[in-house]
Amino acid sequence: MPKIGISEVKAAYSLATQVARGKLTDLEAATELHNNHGMNFSSAWAYVRKRREMLAGERYTRTMNIAATRYFLEQILADEGQNGLTNALASVRRHAAYYSEQGKSSLPSIIGLVEEFEDALKSDDNTDGVVNWDESILKSYLLSEKARKRKLPPTGHKPHKTTVMTVQFVRNAHVVAARLHHAGGFCEDCGKAAPFLRKSNGLPFLEVHHNVTLAGGGEDTFENAIALCPNCHRRCHFG
């Protein structure tokens, strides 16, 4: 049986996400994994179901290697947040317990991975520097334009980074607020009104996009940002 590599794992997670969104059935996703990515059908079926089982905190019986498990946990954190990750970690622990009960390995490397994520979650819960992003933007939005302008970072400013599970850019809330205020509730690309108001702070739902991405070395400044409706934002990334 061909070894399941990270490219197959990524394809499996992507297809499992489409199943969760109602775009594919389990059978359709497993068939695509088998036909287009060369995965054994039995493995494909198990991998497609894995995301759902992990999010439900359920025990699964088909093991994954540590790289695949890490990828699924990282993506679940990105997609579903800490609650989703907590359920997934419980699911992995139940899987390890099942494997041990069968007289097989106790999966120490997998348990070590679970503990790594659990320690990171505890660290996140106790980090005083993590602030509510929406609240920060709202506070800046309510400032006078003159007051906010004094707080905007200068040309050349780039965000510092923080390591949580992965490296993330800590964006400046004043840049976001200034761009949203400048847009006045309308997409700065297509000109259409924001589709709705955010429940969290009542501001028009526009997404602030960096013209030169932060990952690509772009500045976190007003000049390098634009407020976009969700459609235009997705087009910038995927169109």
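Atoms considered below: every heavy atom in the structure, side chains included; atoms not considered: hydrogens, waters and symmetry mates. Note that the coordinates shown come from a computational prediction; the quantities given were computed from them, not determined experimentally.
For the pair K158 and D220, the salt-bridge criterion is not met [side-chain N within less than 4.0 Å of a carboxylate O]. A salt bridge between R51 and E80 is present, with a side-chain N of the basic residue lying under 4.0 Å from a carboxylate O of the acidic one. A salt bridge between R52 and E58 is absent, with no side-chain N of the basic residue lying under 4.0 Å from a carboxylate O of the acidic one.
No side-chain heavy atom of Q18 sits less than 4.5 Å from a side-chain heavy atom of E32. Put simply, the side chain of L33 reaches to within 4.5 Å of the side chain of L15, judged on heavy atoms. Residues L180 and P204 fail the side-chain proximity criterion, which asks for heavy atoms closer than 4.5 Å.
Across I110 and I66, no two heavy atoms sit closer than the pair CD1-CA, 3.8 Å. The minimum heavy-atom distance between H157 and P153, with the atom names listed, is CG-CB, 3.3 Å. Listed here is the closest heavy atom pair of Y141 and R148: O-NH2, 3.1 Å. For I76 against Y13, the heavy-atom pair with the smallest separation is N-OH, 3.5 Å. The shortest non-hydrogen separation linking A96 to I111 is CB-CD1, 3.6 Å. Across all their heavy atoms, V19 and A29 have their closest contact at CG2-CB, 3.6 Å.
Within the structure, side chain to side chain donor-acceptor pair (under 3.5 Å) contacts touching residues 93-108 (residues at least two apart or in different chains) are T63-H95, R93-E118.
Stacking of R179 on the aromatic ring of F222 is recorded, both the 6.0 Å distance cut-off and the 45° axial limit being met. Taking the ring axis of Y47 as reference, the NZ or CZ atom of K50 stays within 45° of it and closer than 6.0 Å to the ring centre.
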Distance-only criterion, 3.5 Å: show the donor-acceptor pairs between side-chain atoms of residues 223-232 and protein atoms not counting sequence neighbours.
from: N224; atom 1: OD1; to: V212; atom 2: N; distance (Å): 3.1
from: N224; atom 1: ND2; to: V212; atom 2: O; distance (Å): 2.9
from: N224; atom 1: ND2; to: E219; atom 2: O; distance (Å): 2.8

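Looking at residues two or more places apart in sequence or on another chain, you find no side-chain hydrogen bond (donor to acceptor under 3.5 Å, both in side chains) involving N65.
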